[in-house]
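Each chain gets a letter, A, B and so on, in the order its sequence line appears, and its residues count up from 1. Note: hydrogens, waters and symmetry copies are ignored here, and every other heavy atom, side chains too, is used. If you're wondering where the values come from, they're calculated on a predicted model, not measured in any experiment.
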Protein chains: 2
Amino acid sequence: MSKPIYELMCGDCLSELRSEFGAGEVDLIVTSPPYADNRKSTYPGIKPEEYVEWFLHRADQFYRVLNKRGTFILNIKERVQHGERGTYVMELVQRLRNRGWFFTEEWIWHKTNSFPGKWPNRFRDAWEHIYQFNKSKDFSMFQDSVKVPIGDWAKTRMKKLSATDRVRDESKVESGFGKRVANWEGRKMVYPDNVLYFATVCENTGHSAAFPEELPAFFIKLFTRKGDTVLDPFMGSGTTVAAALKLERRAVGIDTERKYITSTRNRLKTEGLI
Amino acid sequence: MSKPIYELMCGDCLSELRSEFGAGEVDLIVTSPPYADNRKSTYPGIKPEEYVEWFLHRADQFYRVLNKRGTFILNIKERVQHGERGTYVMELVQRLRNRGWFFTEEWIWHKTNSFPGKWPNRFRDAWEHIYQFNKSKDFSMFQDSVKVPIGDWAKTRMKKLSATDRVRDESKVESGFGKRVANWEGRKMVYPDNVLYFATVCENTGHSAAFPEELPAFFIKLFTRKGDTVLDPFMGSGTTVAAALKLERRAVGIDTERKYITSTRNRLKTEGLI
DNA sequence: TAGCAACTTGAATCTACCG
DNA sequence: CCGGTAGATTCAAGTTGCT
């Protein structure tokens with residue numbers, strides 16, 4: 001009997017992966033973990049000084065369950081503390097590398113609608129890190145699946161549209177996006193670069209972390225094929241899971257909070273994915 | 001007698017600063033140092049494993065000559081070695097912080113026309129780090145001097161134009177950019193964010209890693225006033241010096257290579273700056 | 001149906017103020 | 001002095017609703 005198309009697991013990914021997954025079962029991990037701060041009101045924050053160790057233990061499990069040719073995509077950003085930008089992410093990346101991860105690339109996610117505000121000593125923060133780790137130099141990559149219309153001065157807009165439309169187009173949900181697709185069909189298509197443009201999600205998802213579906217969709221298309229398994233060990237509102245199902249990949253989402261399991265299941269039903 | 005408006009010094013910035021500059025004489029340092037690699041054909045490369053120590057000794061001098069309210073802007077990017085992105089820059093940032101530098105912010109420079117190319121396991125590299133260090137939380141910042149037109153579909157283009165035009169507009173050199181300035185005059189101006197868009201310089205500057213004049217110009221306007229002193233300890237083709245002079249700041253450029261001293265002086269003459 | 005305007009909101013950060 | 005909270009500031013994208 002074949003594996004289920006999706007699984008939503010409630011618990012700490014450290015123990016869930018250890019007990020429920022064998023080695024090499026996952027083809028792609030895409031996640032945006034809780035950041036190191038103390039915003040306990042929305043999500044159990046981990047203090048910066050404890051963050052690296054906390055994360056490394058879980059990353060060891062990611063490594064174990066990841067396929068030899070698989071990819072681990074980590075979206076994260078340092079917060080400002082006492083006027084300084086934190087450096088724990090830099091420490092984390094080096095530690096991951098020392099533990100055996102192959103540090104292939106750092107992508108930049110430019111958030112075109114970053115949070116507004118004005119301060120005497122800094123401008124608005126409009127970007128986040130996206131680190132790409134592998135198990136070796138030889139990993140699966142399907143570059144043709146993420147081509148974008150050739151750049152002009154509307155490049156950013158088109159890039160976003162292309163990601164959105166392709167997801168919807170390939171999904172089971174018909175949303176009347178055919179016309180927009182036509183806008184860039186027939187245009188010359190080129191490979192993107194390592195700077196991605198996506199707006200954050202403003203609508204109320206029931207989760208504080210607005211993670212646009214285009215973002216996981218981009219990496220799912222780039223690093224997996226239909227039927228492959230995609231894991232988000234810090235699922236949150238379930239955006240990665242939804243994107244994976246729309247693209248006909250198997251999806252596994254893990255979260256410590258029961259409410260996110262419930263809301264994600266509702267979301268998948270609403271979108272007609274399950 | 002007042003200080004000269006500009007100085008071009010041939011030598012290692014370590015010794016030049018130590019012997020020729022007193023504490024706190026510089027208001028802004030903007031530099032793009034030689035990267036850690038072995039491209040000895042154009043610039044004396046420093047091996048990755050020696051790079052951090054090599055840089056830290058020079059950074060100590062930067063700290064000494066920098067004004068209490070001054071800023072140090074460091075543009076740098078890791079190279080790919082054996083398929084992996086290097087981590088020595090992350091180590092450098094942490095070490096600088098441990099030496100007393102206040103790590104205020106990391107900006108992203110998106111190179112809109114990055115070098116084309118295709119590799120089986122990565123896309124084009126289209127961005128570089130720009131680290132902002134200070135001596136404390138209290139530093140000079142003149143945010144109104146770098147406002148940009150409010151965003152619309154042409155946001156990125158306008159942002160780039162604004163930076164270019166303002167530099168030219170305030171310079172001694174009239175270049176017929178008045179019409180472009182008019183394009184965004186009367187529009188609502190907003191503060192930029194920490195992602196900058198500048199096209200790379202393709203013209204032959206005689207230097208391997210020329211950054212666009214808009215880049216130092218942006219930070220010179222943001223962190224200094226007319227008459228302040230701007231230093232580039234790894235001058236190269238002299239872009240920072242040229243931008244500083246156009247904006248009526250004092251400029252100091254240091255380089256180990258005699259040929260760059262010569263070519264920069266010629267450049268400044270050609271541009272009518274000296 | 002297209003186009004425009006008003007309205008809403010989002011992993012922000014700083015200063016001020018309290019206990 | 002440290003830690004926590006409330007208020008002010010500000011921009012882009014999406015949504016709604018009207019002509």
Side-chain angles (χ1 to χ4, degrees), chain A residues 31-49 51 74-86 88-89 109-130 154 156-161 163-164 168 175-180 183 197-216 232 234-237 239-240 255 257 260, chain B residues 102-106 132 136-139 141 143-144 146-156 158-159 187-195 197:
Chain A
T31 197
S32 186
Y35 297 170
D37 63 5
N38 297 314
R39 297 188 312 129
K40 295 200 177 71
S41 57
T42 57
Y43 215 77
I46 295 91
K47 289 174 186 165
E49 57 270 26
Y51 192 86
L74 174 61
N75 165 226
I76 198 166
K77 177 75 196 210
E78 309 90 342
R79 311 284 306 269
V80 171
Q81 292 222 335
H82 309 299
E84 280 189 292
R85 190 67 72 179
Y88 64 89
V89 172
W109 168 25
H110 179 197
K111 299 184 284 187
T112 50
N113 60 343
S114 57
F115 201 95
K118 182 186 184 304
W119 312 277
N121 55 350
R122 68 180 62 248
F123 288 139
R124 293 175 304 139
D125 187 15
W127 64 275
E128 297 194 7
H129 305 272
I130 297 179
T156 62
R157 187 99 181 165
M158 295 306 294
K159 189 176 288 186
K160 178 182 175 302
L161 278 182
T164 307
R168 310 256 182 181
S175 305
F177 274 77
K179 274 176 299 183
R180 288 203 196 169
N183 286 345
Y197 299 78
F198 298 117
T200 55
V201 177
C202 287
E203 67 206 60
N204 186 7
T205 58
H207 188 269
S208 61
F211 194 87
E213 194 167 302
E214 293 89 345
L215 200 145
D232 186 347
F234 306 103
M235 183 180 67
S237 58
T239 305
T240 298
D255 206 290
E257 304 292 312
Y260 293 133
Chain B
F102 188 86
F103 176 37
T104 304
E105 179 63 306
E106 178 177 355
Q132 176 192 341
S136 82
K137 203 173 183 170
D138 298 309
F139 55 88
M141 193 177 197
Q143 301 188 344
D144 288 339
V146 295
K147 277 188 155 184
V148 296
I150 193 165
D152 54 12
W153 275 56
K155 180 190 169 198
T156 58
M158 295 305 295
K159 189 176 286 186
R187 303 184 56 185
K188 189 185 175 194
M189 303 294 278
V190 299
Y191 296 105
D193 56 43
N194 59 359
V195 179
Y197 298 78

Peer 1: Just the rounded figure in Å: distance from P of D:dA13 to CG of B:D193.
Peer 2: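 That distance rounds to 11 Å.
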Peer 1: In whole Å, I'd like the distance from the CZ atom of A:F123 to the P atom of D:dT9.
Peer 2: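 The distance from CZ of A:F123 to P of D:dT9 comes to 18 Å, rounded to the nearest Å.
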Peer 1: Is any side-chain heavy atom of A:R85 closer than 4.5 Å to a side-chain heavy atom of A:K77?
Peer 2: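 Yes, their side chains come closer than 4.5 Å.
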Peer 1: Does A:N75 have any side-chain contact (heavy atoms from CB on, under 4.5 Å) partners at least two apart in sequence or in another chain, and if so, which?
Peer 2: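 If we apply the side-chain contact (heavy atoms from CB on, under 4.5 Å) test to A:N75, skipping adjacent residues, the hits are A:S32, A:Y35, A:W109, A:E128, A:I130, A:F211.
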Peer 1: Working to the nearest 0.5 Å, report the span between CG of B:D193 and NZ of A:K111.
Peer 2: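 Taking CG in B:D193 and NZ in A:K111, the distance rounds to 10.5 Å.
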Peer 1: When we call it a touch if two heavy atoms are under 4.0 Å apart, what does B:Y191 touch: a base, just sugar-phosphate, or nothing?
Peer 2: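 It contacts sugar-phosphate atoms only.
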Peer 1: What interatomic distance, in whole Å, is found between P of C:dA11 and the corresponding atom of D:dA8?
Peer 2: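 Their P atoms lie roughly 22 Å apart.
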Peer 1: Working to the nearest 0.5 angstrom, can you tell me the gap between A:T112 OG1 and A:Y197 OH?
Peer 2: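 Between atom OG1 of A:T112 and atom OH of A:Y197 there are 10.0 Å.
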Peer 1: Starting at atom NE2 of A:H129, determine the distance to atom C1' of C:dA11, rounded to an integer number of angstrom.
Peer 2: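 Those two atoms, NE2 and C1', are 13 Å apart.
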Peer 1: Rounded to the nearest 0.5 Å, what's the gap from CZ on A:F123 to NZ on A:K118? Could you check?
Peer 2: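 It is 8.0 Å, given to the nearest 0.5 Å.
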Peer 1: What pairs of nitrogen or oxygen atoms, one from the protein and one from nucleotides 14-16 of chain C, lie under 3.5 Å apart?
Peer 2:
| from | atom 1 | to | atom 2 | distance (Å) |
| --- | --- | --- | --- | --- |
| C:dC14 | OP1 | A:R122 | NE | 3.0 |

Peer 1: Tell me whether the OP1 or OP2 atom of D:dT10 has a side-chain N or O from A:R124 closer than 4.0 Å.
Peer 2: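 No, A:R124 has no side-chain N/O under 4.0 Å of OP1/OP2 on D:dT10.
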Peer 1: Determine whether the aromatic ring of A:Y35 stacks with the base of C:dA11, defined as ring centroids separated by less than 5.5 Å and ring planes inclined by less than 30°.
Peer 2: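 Base of C:dA11: stacked against A:Y35.
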Peer 1: Which nucleotide in the list C:dA11, D:dA12, C:dT13 gets nearest to the side chain of A:N113?
Peer 2: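 Among C:dA11, D:dA12, C:dT13, the one nearest the side chain of A:N113 is D:dA12.
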Peer 1: Applying ring-ring contact (aromatic ring centres under 6.0 Å, His included), can you list everything that pairs with B:Y191, at least two apart in sequence or on another chain?
Peer 2: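 Testing B:Y191 for ring-ring contact (aromatic ring centres under 6.0 Å, His included), a comparison that skips the adjacent residues, returns none.
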Peer 1: Atom CD of A:E78 to atom P of C:dT13: distance rounded to whole Å?
Peer 2: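 One finds 10 Å between P of C:dT13 and CD of A:E78, rounded.
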Peer 1: Test of understanding: with ring-ring contact (aromatic ring centres under 6.0 Å, His included), list the residues that count as partners of A:W127, not counting sequence neighbours.
Peer 2: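 For A:W127 the ring-ring contact (aromatic ring centres under 6.0 Å, His included) partners, ignoring immediate neighbours, are A:H129.
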Peer 1: Just how far, in rounded Å, is C1' of C:dT13 from CG of A:D125?
Peer 2: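 Rounding to the nearest Å, CG of A:D125 and C1' of C:dT13 are 10 Å apart.
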Peer 1: Return the value, rounded to whole Å, for the distance between atom CE of B:M189 and atom C1' of D:dC11.
Peer 2: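 Value for this atom pair: 15 Å.
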Peer 1: Determine yes or no for a side-chain-to-main-chain donor-acceptor pair under 3.5 angstrom, with B:N194 supplying the side chain and A:A126 the backbone.
Peer 2: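 Checked: pair present.
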Peer 1: Just to be sure I understand: a Watson-Crick pair is purine N1 to pyrimidine N3 plus N6-O4 or O6-N4, both under 3.5 Å. Using that and G-U wobbles, which stems of three or more pairs involve DNA chain C?
Peer 2: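 Stem list for DNA chain C: C:2-10 with D:11-19, C:12-19 with D:2-9.
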Peer 1: Looking at A:S114, I'd like to know whether one of its side-chain N or O atoms comes within less than 4.0 Å of OP1 or OP2 on D:dA12.
Peer 2: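 Indeed not, no polar side-chain atom of A:S114 lies that close.
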Peer 1: Considering only side-chain heavy atoms of A:F115, which listed nucleotide, C:dG10, D:dC11, C:dA11, is closest?
Peer 2: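 Out of C:dG10, D:dC11, C:dA11, the nucleotide with an atom closest to A:F115's side chain is C:dG10.
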Peer 1: What is the distance from OH of A:Y260 to P of C:dA11, rounded to the nearest Å?
Peer 2: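 Value for this atom pair: 11 Å.
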Peer 1: Taking only residues two or more places apart in sequence or in another chain, which ones pass side-chain contact (heavy atoms from CB on, under 4.5 Å) with A:W119?
Peer 2: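 side-chain contact (heavy atoms from CB on, under 4.5 Å) check on A:W119 returns A:N121, A:R122, A:R124.
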Peer 1: Tell me: CG of B:N194 to P of D:dA12, nearest whole Å?
Peer 2: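 Atom-to-atom, B:N194 to D:dA12, this comes out as 14 Å.
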Peer 1: Taking the side chain from A:E84 and the backbone from B:F103, do they hold a donor-acceptor pair closer than 3.5 Å?
Peer 2: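 Checking the backbone N and O of B:F103 against the side chain of A:E84, a donor-acceptor pair under 3.5 Å is found.
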